[in-house]
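Input: a single structure, listed below in structure tokens.
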Amino acid sequence: MSESMRIHHHFEIRWGMVIDIDKCTGCGACVVACQAENNIPPNPDPFDRMRDPHWLIVYKLSNHKKFPEHDTAYLPRPCMQCGNPSCASVCPVIATTKDEEGGIVSQIYPRCIGCRYCMAACPYHSRVFNWFDPVWPEGMDKTLTPFVSTRPRGVVEKCTFCHHRWQIAKEEARKRGENPMHLDEQAYIPACAEVCPTGAIHFGDLHNPEHIVHKLARSPYAFRILENLGTEPQVYYLSRRDWVRKQGDNHFRQEEKKNS
Amino acid sequence: MPDTQFIPEGVRRCPFSQFLIWIGFLGLILLWGLIAAALIWYKGLWVTGLDNYFGFGLWIVFDLAVIALGAGAFFTGFLTYILRIDQLKNIINLAVVIGFLCYSGAMIILALDIGQPLRAWFGYWHPNVHSMLTEVIFCITCYLIILSIEFVPLILENRQLKKISLLDHLAHNFHIYMPLFAGVGTFLSFFHQGSLGGMYGVLFGRPFVFRDGFFIWPWTFFLFILSAIASGPVFTMLIAALIEKITGRKLVDFRVKALMGKISGFLLCIYLFFKILDTWAWATGTLPKMGFSFDEMFNRHYGQGLLWAELGLCGLLPALMLIIPKVRNTPGLLYSAAILTCIGVIINRFVFTVQALAIPVMPFDQWALYIPTWTEWATSLMVVAYSALVISLAYRYLPLFPQEKALQKP
Amino acid sequence: MSKKKKIGLLPFAAGFAAALVFGWNIFPQILYSNKGQPTTFSHTGHLNHTQKDLQDLDCVDCHYYRADGSFAGTPSLESCAECHNEPLTGVPSEQTFVSEYVKKDKQVPWNTYQGQPDNVYFSHIAHDTYECTECHQDMENADSLPPYYENKLTGYSRDIMKMHECERCHARENTSNACYLCHK
Amino acid sequence: MALDRRGFLMFLAGGAAGSVLTPTAWKLTDDISIWTQNWPWIPRIPTGALDEKPSVLKLGSAEYGLKIKRVNKQPITASGNPNHPLSLGGIDALGAASVQLMYSPSRIQQPMIKNDQGQFKPIAWSKALELLAGLLKPLQGQTDALACVSGDSTGSSREVFSKFLRAMGSPHVYLQPADGLAQNRVWNDLMQGQGRLGFDLENSDLLLVLEPDLLDTWGATVKNQKVFGRGKTELIYAGALQNSTAAVARSWLPIHPGSSGHLALALAYCLFKQGLEPRPVPKGFREYREFVRTHYTPDQAARKTGLSAQAIQNLAQKLQQASRPLIISGSTTGEGAPGFPFFAGLSLNLLLKRINTSGGITCLPGPETVLDPAGGPSIENSQDFCGYIQDCATGKIKSPEILFVHEANPAYALPDTRKTTDFFDTVPFTVNFSQFMDETAARSDLLLPNPYFLERLDDSFTPFGSAMNNYSLSLPVTQSGVDAKPTSDLLIALASTLDHDLGVRSYAELLRKKCRRLGADWGRLTSGETWTSGKTLSQSGLTLWNQPIASMCRAQMTGTPQATPGLVLEANRKTGSSRTGLPPFGLKAHLEEELSGALAAVRINRQTAEQMNVRNGQAVTLTTQAGSIQARILLDEGVVTNTVAVPTGFGHTALDMFSQNKGGNANSLLSLSCEPGSGLCSGTAFEVQVSIAS
């Protein structure tokens, strides 16, 4: 990629996630917690990735070997909060940006005009369009959270790393008279990472050596999805299984072909 | 005929009743499209075939195609007013009308395509200067204004309007400044044709369309300009031929058409030279660098046949036909080559829009398939019908073809 | 011909004037409705309390930060009922307040002059160093509640701060204007 | 001055020019775009004070502590309670969806009674109680006239039910079948063990899981996941299906469905070969060893399990080398199995001296009971509900006149759906205390809704799987949005109408008494803390072989290796529990391949597909002796050859739109059969036919 197309930001804090695939059982608790936390409406129909709003989904990976050599793994996929997001620069109306400390890619629903250019730009399918107005069954709308506004049809949305939880953590720090920019590792954790029963999802500041993600992201077993594209995701994955790591990027497929 | 006094002097038009039937036919298509449009606005975009994988579909293909083919307007204007190729004056009016229709049609489609049409003006009020789409929005809008200005003097030349001295005077003045408008239009068009290509070329998350480039412009920026100016003239010429066929009257000298074909032919050669070079570099350089192989870009729905059709059957073949004088001067072959050229550009815009989104980028993702629904077809056809309607009216009531009178004389 | 032209200008002027009058005068009246407040409230009455032990009643006694640092905003019914469980003063509006809300355990549906849209996040505690009146109307000296105008189209208060005002101050103070600072 | 056309046009032009200088157009344009973010038909979000309240999940699945986040005291989201020993901050998909499930459209809004036309009509609580008392009165003292099935095996409500039924003269109190109950019955009745079994996964260094989905549905699932997540325990999974546990286990050992008992005994064989000798020697050890030696040579075992003799020997070696191995056996869904696999697994643990040691099996004292004489034999060890249905069907026991259904949906969840629903049709009057209009409620005659667990006070004593005894309160976090009354209180009131004294005046009093008996602190319990006790029961007289065990094991020998495709059921918490139906937010946690359209996927591997001549994505009908369901074929190499993996939790015909019209009920494929020796009744399926759906 030509250098001019990269947008470089430097942030003091770089919120990041490290997901240990070898610990993910695909139980779906993160997906459920994400929907509840972020006011993503339920749909009585079976899940349709093409039309249903979703911020976090779990992919099932296969090593493509025959029984009994077969192996399977689960890969939860939030928004990658790319260091060099392919989505933000293309938005014609500045509805999505990567301009805030922490490096979370923002998505502003009342600004979005629904052109879907960002969706075309994102190779992770992290962005979804609201094809329908959101509907909760009668009474269930009482469980709407105050954290995220409901989105009308016609706008794009995506995972925010539960950005509101950072806001809340900063308020709490201010109330305690602490520096809101120096939070405890536990002060700000997205809903998916908080509920994960096996602790597969780690979260923290990738720049802060005191945070576990700082270390995990540098593990020899760490990889990011589609690193070859230059998106520089802030979501890392861990797996000790070679075949899983190879499925993180197309680079390996190419090499495999060369070797064979 | 009740509308005789509006019809340009010295030309013959079909009976008013026959004209009404034609208009009525177009009206039905328009109505069908309007129903679809109302449905889309009322119910939302889920009534289309678009989904989270295919944020862009038929509409964007349609928009890109008509804008490419509408390039005949700016490029013919450029050749006529700036390079002073006088022969083209005989077809420039039609080129302007077609340009106007292509751009206004694209705008109508865009109003349907965006999820929040009531916020459409955000594109002007909150522009993101880094986005190629912003460049497109501004250029298209400005250029549509220019095209409207270019269209106005033609309207003012209507027999009845001309009687009003003020309007006549106005029309005359417009003509004087036409080179200026043509120049500005050329500049604007040049940029937005390019930025439409740039829109895709910058998508570094989509290996199929991503291209390196020059400064902030990926190679697709230049390729889209070239392909547009290569196909625009023959499209204009084809429409002229189509009108002749329908009305059964000679309207434009065949030499003018052949000239348009020649212009297109040479441009097409230049375009293909770079396009093939680009495709080669992409297949052997860009793709492997991103971890992909050429074969992975195609499947049974979006096959390599599309690529070979685009480059060979609808690229090299018509290019050759158009630059060989003997072939180009045979009407049947000229028109065939022109049609192939237009199809080639449409395929190009289609694969860049749809195939680009169908290809799995994540290794564990899967190919997706896009099938437009009737609402998308209806609204696209609505724009075609709207264009046919405007051209029909323009042909009937405006001096669209300066040569018409001369050509009717035996 | 010239006479005709003279007359021609008059309708133009009339139309021009009518548009001005409509746009500046009538249109706002159509756009906003004065919704007022569900019940009356006197800030001065509470702050200059006659009762001895309540004389040092302060703004923050009702408008306080919660333990988690969020701002409580308009006091809840429970806060009001701490004192006004029964009518204390004999003021008729207080009596209706007690009978209509306290006794029925119904929250008062106060209209918030600065009630921002759902998609806006605002942290009071982050703006703690500023005077309330930099953004809010001065209520400390108000005996009654000002009228509340609601935009019929958007449903928002007429008096809310618009985004460009937030941005202007943030720019002036050299604070980030990142979208996510204020949107959710 | 007359206004001519020109004048009018000029007026309009003036108006247009003037408008540009007023805010009208600009303001309207802006406001319209603001209106689009605020459409009146889009729900608003709340504002207000946030707080968190502890509770305990009680939905018929793993029970653990929750933290319920509230805004203005309205519950909004659930997460795990870090202070609860079975959650440690973790949560499963069902728990995470539990707040929203409270607002399921299938909630029963008020007491209802079925009229002659079979439609439910609202009825006042007082009328309903009066009616019920009237029906119960003449049945007093009749042994078989009243029966009760409950899905709550940890709450004190079962004491209330027990006491109530005893007062009425009926012994027929049953629990929904579950792995925990079956395991304890094998332990107590067959092996002469004391207490209830706990599993100290935390301190084990090698976990051999024989079929149960340890990390999704078995035992204290969330705690299991937490333990696994710490990465200190090696996990080996043996089963017919690469399920959640297998996906993350160090290795997956594919075995024929239902053959885990054979594998366990084959491992015992290998251990004996290496000279293993348990101390003290359990009763019947020699006979047991003889049986194993005769029937479980590696070659025989390989035939029975589908695993190679070498693999079995390697595994045995691994077990022997581990310092704190633990074998977990049970069913793939956690909802009950024959006694054989439990026995086989437990015997292996016994041989490896894993009883009452760190990282082994703990024998926990049973629950303290408050209501005498419910303190007698604990009801969970009595016969299970499946057996009761079987006995009623064969006429061994007279069918009840009145059946109480509490926190259970047997008409859907029991194996052999046809037989179960037939049973329900024979019961003249069914009283249902369900929260949801589920399949059983729809077949009931009187609905007396119990509040949802987040709306009532309840308790939870040592859910199955927990290594130590614990007691916590499920606290109400909101007022009930429907006209429901807590069932336990209702029964206490009903008893006094019938002139019986259950010993407490309210359920709260019962819980307080229980708390006192345990020596727990009520104040700390109500603040969300958990009482725990590490006390275990020492064992004497453990038995490895006796008459019932012998007949149970011998019965296994008659079965032939599978000739026709076998069936393996899988369960997921994102599909809910046997009691809830699909939670609204669970649907999006399903992969698209698992559920599409009205069909759920059944998985087979490529080789099986070729044998059956079916293709990926094809709609098929699965048929067994018991029934048939529609499904879609999904090729998955993570399934043993000649085996069909069928998901449970689908195929609801009642409940809400989230549960309905999705897949088929796997339970309807199972035939109910009772095991010789143990007497445990469970569902089995053989001879599954797969045919392409027309």
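Protein chains get the first letters and strands the later ones, always in sequence-line order, with residue 1 at the start of each.
For R66(C) and D51(D), the salt-bridge test fails: no basic side-chain N is under 4.0 Å from an acidic carboxylate O.
Counting heavy-atom pairs closer than 4.5 Å to chain C, the top residue among L28(D), T47(D), N72(D), L12(D) is L28(D). Contact count versus chain C (heavy atoms, under 4.5 Å) is highest, among A49(D), A25(D), P40(D), S19(D), for A49(D). For chain C, the option among T22(D), I32(D), L50(D) with the highest count of heavy-atom pairs below 4.5 Å is T22(D).
Counting non-hydrogen atoms of neighbouring residues, nucleotides and ligands closer than 6.0 angstrom, the CH2 atom of W26(D) reaches no more than 12 such neighbours. Sparse packing is recorded around CD of E131(C), with 12 or fewer heavy atoms of other residues, nucleotides or ligands lying under 6.0 Å away. At most 12 non-hydrogen atoms from other residues, nucleotides or ligands lie less than 6.0 angstrom from NZ of K35(C). By the 6.0 Å contact criterion, CD on E78(C) is enclosed, its count of non-hydrogen atoms from other residues, nucleotides or ligands being greater than 12. Applying the 6.0 Å contact sphere to CZ of R505(D) captures no more than 12 heavy atoms from other residues, nucleotides or ligands. Dense packing is recorded around NZ of K152(C), with more than 12 heavy atoms of other residues, nucleotides or ligands lying under 6.0 Å away. More than 12 heavy atoms of other residues, nucleotides or ligands shown are found within 6.0 angstrom of CD on Q114(C).
Within the 4.5 Å cutoff, the side chain of Y156(C) has heavy atoms near those of the N38(D) side chain. Residues L10(C) and F11(D) form no side-chain contact, since every pair of their non-hydrogen atoms from C-beta on lies 4.5 Å or further apart. Side-chain contact check for F8(D) versus P11(C): every heavy-atom pair is 4.5 Å or farther apart. Proximity of K162(C) to D30(D): side-chain heavy atoms (C-beta onward) are separated by under 4.5 Å at one or more points.
Of the inter-residue distances, the one linking Q37(D) atom CD with N119(C) atom CG reads 4.5 Å to the nearest 0.5 angstrom. Between L31(C) atom CG and D31(D) atom CG the span is 5.5 Å, to the nearest 0.5 Å.
Among all heavy-atom pairs drawn from A19(C) and G15(D), the shortest one is CB-O, 3.1 Å. Taking each heavy atom of A17(D) and F12(C) in turn, the nearest pair found is CB-CZ, 4.1 Å.
Heavy atoms closer than 4.5 Å to chain D are found in the side chain of K184(C), but not in its backbone. Residue T154(C) touches chain D through both its backbone and its side chain, counting heavy-atom pairs closer than 4.5 Å. In this structure, chain D has heavy atoms under 4.5 Å from both the backbone and the side chain of D118(C).
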Under the side chain to side chain contact (heavy atoms under 4.5 Å, CB included) rule, what do L153(C) and K27(D) come out as? Steps first, then yes or no, please. CA-CA 11 Å; L153(C) 202 52; K27(D) 181 79 181 144; over 6 Å; no
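Between the W24(C) side chain and the L21(D) main chain, a donor and an acceptor come within less than 3.5 Å of each other.
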